[in-house]
Amino acid sequence: TLKKAITEAVGEAEGAAREESAGPGTVITVIGAKGGIGKSTIAVNLATAIAKQTQDSVLLIDLDTRFGDVAIMMDLEPRYVVADIAASIGTLNRDTFRNALVEHESGVSVLPSVKSPSEWRSMTADQVRALIRFAQRLFDYVVVDTPGIYGDNVAAAIELASQVVLVTTVDITSVKDTTFVLEILEKTGFPKDRVMVTVNHANGTNSVTGADVARVLHTEVAWELPHDPAVSVGLQAGKPVVLDRPRSPASRKFNEIAAKITGTPVPSIGRGFALKRMLPLRNRGEEN
C-alpha cells in the first residue's frame with residue numbers, strides 16, 4: 001500500500017539530499033476559463049512533444065478537478081491519483097514518488113486526476129504548491145493540466161509556473177471568459193511575457209481568426225492550433241496526436257510550441273518519430 005511504502009521510505013537521507021541539490025525544473029501550467037476547450041488535449045500533446053524533442057524527463061500532473069481525462073487520453077491505468085500523493089507529500093521521497101506514477105510509452109510520467117470530484121475536497125492549495133515544488137526537483141519539465149474554473153488550486157499552479165499556456169477557442173463566451181482570466185493574472189502580478197495565449201480552433205467551420213481574438217483581448221496571441229480531425233482520431237485510440245499522426249497539422253503545431261518553450265529545434269518528422277524513444281530519461285537529481 002501507499003501508506004506502507006511511505007513508512008519504509010522515511011529516513012532515506014541520501015535520496016533526500018540528492019533531491020535538494022537538483023535545480024528546479026520548468027513548470028508549464030495549462031489553464032483556460034471554461035471546460036471543453038481542449039486544455040487537456042493540449043497538455044497531453046505538449047508534454048509528449050517535449051519528451052520526444054528533448055529526451056529530458058517530463059511529468060504531466062492532472063489537476064483537473066472536474067473531468068480529469070489525461071489517463072484516458074493516454075490509455076493509462078492509474079496506480080495512485082494526485083490527491084493520494086498530495087496528501088502525503090510531506091513524507092514522500094524521490095523513489096516512492098516515482099513509483100506512484102504511470103509511465104507512458106512516450107516516456108512521459110503521469111500523475112492522474114482523482115476518480116471522483118469528492119476526493120478533491122481535502123486537497124489544499126498548499127499541498128498543490130508542495131507537490132509541484134517536489135516534482136520540480138525530480139523532473140526537467142512539469143506540465144500541469146487544470147480545470148476550467150479559477151480557484152485556489154489553479155492559482156497555486158499558476159504561481160509556480162515558468163510559463164502559462166492560456167487556452168481559448170474562438171467562441172464568444174470563451175473569449176469573454178479569457179478576458180476575465182487575463183485580468184486576474186494582471187492583478188496578481190503574473191508577468192505578461194510568460195503568458196502564452198493559445199487559440200484552439202476546435203471547430204473548423206468558424207471564420208473567426210486568431211487576429212480577431214487578439215483584438216478583443218488586447219493581447220498578442222502566441223499560438224493558433226488548427227482544426228485537425230486527427231486529434232479526435234488519436235483521442236479515440238488513447239494516443240496523443242503527436243504520436244498517432246506525427247505529420248498532421250496539429251502535431252506540427254504542437255512540436256513548434258514545444259520547441260519554443262524548450263529552446264530546441266523543431267524536429268524533422270521522419271518515419272521513426274512515432275516510435276518509442278530508445279534513450280533513457282535523464283532524471284533530475286541523479287546526474288553523476
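For T264 against A259, the heavy-atom pair with the smallest separation is O-CB, 3.1 Å. Heavy-atom minimum distance, S109 versus L101: CB-CD1, 3.9 Å. When all heavy atoms are compared, the tightest approach of S113 to V81 is O-CG1, 3.0 Å. Here the closest non-hydrogen pair linking K39 and G32 is CD-N, 3.2 Å. Here the closest heavy-atom approach between residue V102 and residue P78 is recorded as CG2-CA, 3.8 Å. Here the shortest heavy-atom pairing between G107 and E103 reads CA-OE2, 3.9 Å.
N200 places no side-chain N or O within donor-acceptor distance of the main-chain N or O of T169, the cut-off being under 3.5 Å. The closest donor-acceptor contact from the side chain of Q163 to the backbone of T29 lies at 3.5 Å or more, if one exists at all. The backbone N or O of A71 sits nowhere less than 3.5 Å from a side-chain atom of D62 that would complete a donor-acceptor pair. In this structure, the side chain of T91 engages the main chain of S88 through a donor-acceptor pair within 3.5 Å. The backbone N or O of V167 lies less than 3.5 Å from no partner atom in the side chain of T198, so there is not a single donor-acceptor pair. Judged purely by atom type and a 3.5 angstrom limit, D177 has no side-chain atom pairing as donor or acceptor with the backbone of K34. Listed for the T54 side chain is a donor-acceptor partner under 3.5 Å among the backbone atoms of I50. The closest donor-acceptor contact from the side chain of R194 to the backbone of S162 lies under 3.5 Å.
Side-chain polar atoms of T96 and N99 form no donor-acceptor pair below 3.5 angstrom. With 3.5 Å as the limit, one finds no donor-acceptor pair spanning the side chains of T48 and N45. In this structure, a donor-acceptor pair under 3.5 Å is present between the side chains of S248 and S251. Side-chain contact check for S174 and T168: at least one donor-acceptor pair (N or O, by modelled atom type) lies under 3.5 Å. Side-chain contact check for D171 and T173: at least one donor-acceptor pair (N or O, by modelled atom type) lies under 3.5 Å. In the model, D69 has no side-chain atom that pairs as donor or acceptor with a side-chain atom of S40 under 3.5 Å. For K52 and S106, the side-chain atoms include no donor-acceptor pair closer than 3.5 Å.
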For I261 and I28, run side chain to side chain contact (heavy atoms under 4.5 Å, CB included): C-alpha distance rounded to whole Å, both residues' side-chain angles, the deciding distance at 0.1 Å, then the answer. CA-CA 9 Å; I261 290 175; I28 304 153; 3.7 Å; yes
Step-by-step side chain to side chain contact (heavy atoms under 4.5 Å, CB included) determination, L59 to F97: CA-CA 11 Å; L59 172 64; F97 183 83; 4.0 Å; yes
CA sep, side-chain torsions, deciding dist, call: V58, D140, side chain to side chain contact (heavy atoms under 4.5 Å, CB included): CA-CA 6 Å; V58 180; D140 297 296; over 6 Å; no
For M123 and V82: C-alpha separation, side-chain torsions, deciding distance, then whether side chain to side chain contact (heavy atoms under 4.5 Å, CB included) applies. CA-CA 9 Å; M123 191 169 173; V82 65; 4.0 Å; yes
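The NE2 atom of H104 lies 5.5 Å from the CG atom of L76; values are rounded to the nearest 0.5 Å.
As a member of the Ile/Leu/Val/Met/Phe/Trp/Tyr network built from side-chain separations under 4.5 Å, V195 groups with I31, Y150, V154, I158, V164, L166, V170, V175, F180, V181, L182, I184, L185, F190, V197, V199, V208, V213, V216, L217, V221.
Heavy atoms from other residues, nucleotides or ligands lying under 6.0 Å from CG of D152 number 12 at most. Other residues, nucleotides and ligands contribute only 12 or fewer heavy atoms inside 6.0 Å of the CD atom of E186.
Under the side chain to side chain contact (heavy atoms under 4.5 Å, CB included) criterion, L235 pairs with T41, M73, V231, sequence neighbours left out. The side-chain hydrogen bond (donor to acceptor under 3.5 Å, both in side chains) check on D126 picks up R129, with sequence neighbours excluded.
Stacking of R94 on the aromatic ring of F134 is not recorded, the 6.0 Å distance cut-off and the 45° axial limit not both being met.
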